[in-house]
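Please read these numbers as outputs of a predicted model, since none were measured by experiment. Heads up: numbering here begins at 1 and tracks the sequence.
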Amino acid sequence: IERTPTASTFEKHFDANDLVIAQHVVQSIPILPGVAYVEAMLAAARWHLGQPVLRVENVLIVSPLALDDTGRAQMIITAASEATEPARLNLRVSSRRRDGTEIQHASCECVAASAELRPALDLSRLRALPAQRLEAELIYGGFQRVGSAYGEFFRSVRWVARAERETFAELELTPSAAGRGGYLLH
């Protein structure tokens with residue numbers, strides 16, 4: 001960890017034993033899932049700001065982070081703010097090739113929590129909408145058919161329903177994910 005008043009840099013090392021990569025396989029290649037980039041950027045933002053994050057904006061995932069031929073990967077997370085707007089952070093996830101060149105994987109902006117709160121969703125209204133519902137077995141079977149294998153750790157979707165203008169889902173952390181704690185997203 002490196003820190004200045006307007007910037008912080010964090011590193012995370014992965015290997016083939018990390019569930020986050022081992023149980024997320026696309027086209028036979030274990031890669032870091034998109035939610036892990038967002039989790040890492042949120043953790044970096046909370047640490048840098050010293051307070052919770054209210055909003056995550058402009059999430060962009062541009063390239064996968066896969067293990068190298070030695071079975072390892074290094075993720076670098078940078079958080080930077082302008083001196084004039086310290087509660088807004090620009091975050092970036094990258095890695096370095098052996099030759100030292102940097103590869104960008106993801107980026108977003110985070111805004112520190114304040115008294116501003118958005119109104120809660122009316123879940124009973126959403127559940128009452130006429131919607132086409134897909135169960136978990138069908139969803140994960142479809143992922144498998146196109147080459148994306150999700151291990152038990154990532155199988156948190158119970159169902160997804162799509163109405164005319166809304167899509168909503170029921171998610172439940174799996175026992176292996178729930179036992180690992182610290183996750184805001186999954």
* Using salt bridge (charged side-chain N to carboxylate O under 4.0 Å, His left out) as the criterion, list what pairs up with Arg72, not counting sequence neighbours. => none

* To do: Would you check, one step at a time, whether the test side-chain contact (heavy atoms from CB on, under 4.5 Å) holds for Ile76 with Arg96?
  => CA-CA 8 Å; Ile76 303 163; Arg96 293 203 187 284; 3.9 Å; yes

* Ion pair present between Arg133 and Glu170, side-chain N to carboxylate O less than 4.0 angstrom? ->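 Judged by the 4.0 Å cut-off on N to carboxylate O distance, Arg133 and Glu170 do not form a salt bridge.
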
Return yes if some donor-acceptor pair links the side-chain N/O of [X] with the main-chain N/O of [Y] below 3.5 Å, else return no.
{"X": "Asp18", "Y": "Ile21", "answer": "no"}
{"X": "Arg158", "Y": "Glu135", "answer": "no"}
{"X": "Thr6", "Y": "Glu82", "answer": "no"}
{"X": "Gln104", "Y": "Val93", "answer": "no"}

Would you kindly say whether [X] and [Y] are connected by a side-chain donor-acceptor distance under 3.5 Å?
{"X": "Glu102", "Y": "Ser94", "result": "yes"}
{"X": "Glu11", "Y": "Gln74", "result": "yes"}
{"X": "Ser95", "Y": "His105", "result": "yes"}

If you define the side chain from C-beta out and look only at heavy atoms, does anything of [X] sit under 4.5 Å from [Y]?
{"X": "Glu109", "Y": "Leu89", "answer": "no"}
{"X": "Thr167", "Y": "Val160", "answer": "yes"}
{"X": "Ile77", "Y": "Arg92", "answer": "no"}
{"X": "Asn90", "Y": "Ser107", "answer": "no"}
{"X": "Thr70", "Y": "Arg98", "answer": "yes"}
{"X": "Arg155", "Y": "Glu172", "answer": "no"}
{"X": "Tyr37", "Y": "Val59", "answer": "no"}
{"X": "Phe14", "Y": "Leu32", "answer": "yes"}

Looking at every heavy atom in both [X] and [Y], which two are closest together, and how far apart are they?
{"X": "His48", "Y": "Ala7", "answer": "CE1-N, 3.5 Å"}
{"X": "Ala16", "Y": "Ala22", "answer": "O-CB, 3.5 Å"}
{"X": "Val20", "Y": "Pro33", "answer": "O-CD, 3.3 Å"}
{"X": "Ala66", "Y": "Ile31", "answer": "CB-CG2, 3.9 Å"}

* Establish, for the pair Lys12 and Phe10, whether the NZ or CZ atom is under 6.0 angstrom from the six-membered ring centre and no further than 45 degrees off its axis. =>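 Relative to the ring axis of Phe10, which defines the angle, Lys12 lies outside at least one limit.
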
Treat each ILVMFWY residue as a node, draw an edge where side-chain heavy atoms are under 4.5 Å apart, and state whether [X] and [Y] are in one component.
{"X": "Leu65", "Y": "Ile103", "result": "no"}
{"X": "Leu134", "Y": "Leu171", "result": "yes"}
{"X": "Tyr140", "Y": "Phe154", "result": "yes"}
{"X": "Ile61", "Y": "Met75", "result": "yes"}
{"X": "Val38", "Y": "Leu19", "result": "yes"}

* **Option from Val111, Leu91, Leu42 for which side-chain contact (heavy atoms from CB on, under 4.5 Å) with Val53 holds** =>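 Only one of Val111, Leu91, Leu42 forms a side-chain contact (heavy atoms from CB on, under 4.5 Å) with Val53, namely Leu42.
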
* Arg3, CZ: over 12 other non-hydrogen atoms inside 6.0 angstrom -> yes

* **side-chain contact (heavy atoms from CB on, under 4.5 Å) between Glu57 and Arg88, worked out** => CA-CA 10 Å; Glu57 301 173 345; Arg88 177 176 287 277; 2.9 Å; yes

* **Between OG on residue Ser8 and CD on residue Glu2, distance to nearest 0.5 Å** =>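 Here the interatomic distance stands at 9.5 Å.
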
* Hey, mind stepping through Trp159 and Phe168 against side-chain contact (heavy atoms from CB on, under 4.5 Å) and telling me if it holds? -> CA-CA 9 Å; Trp159 53 263; Phe168 46 100; 3.8 Å; yes

* To do: Please assess His24 against Ser148 for the test side-chain contact (heavy atoms from CB on, under 4.5 Å), listing each intermediate value before the final yes or no.
  => CA-CA 7 Å; His24 188 261; Ser148 294; over 6 Å; no

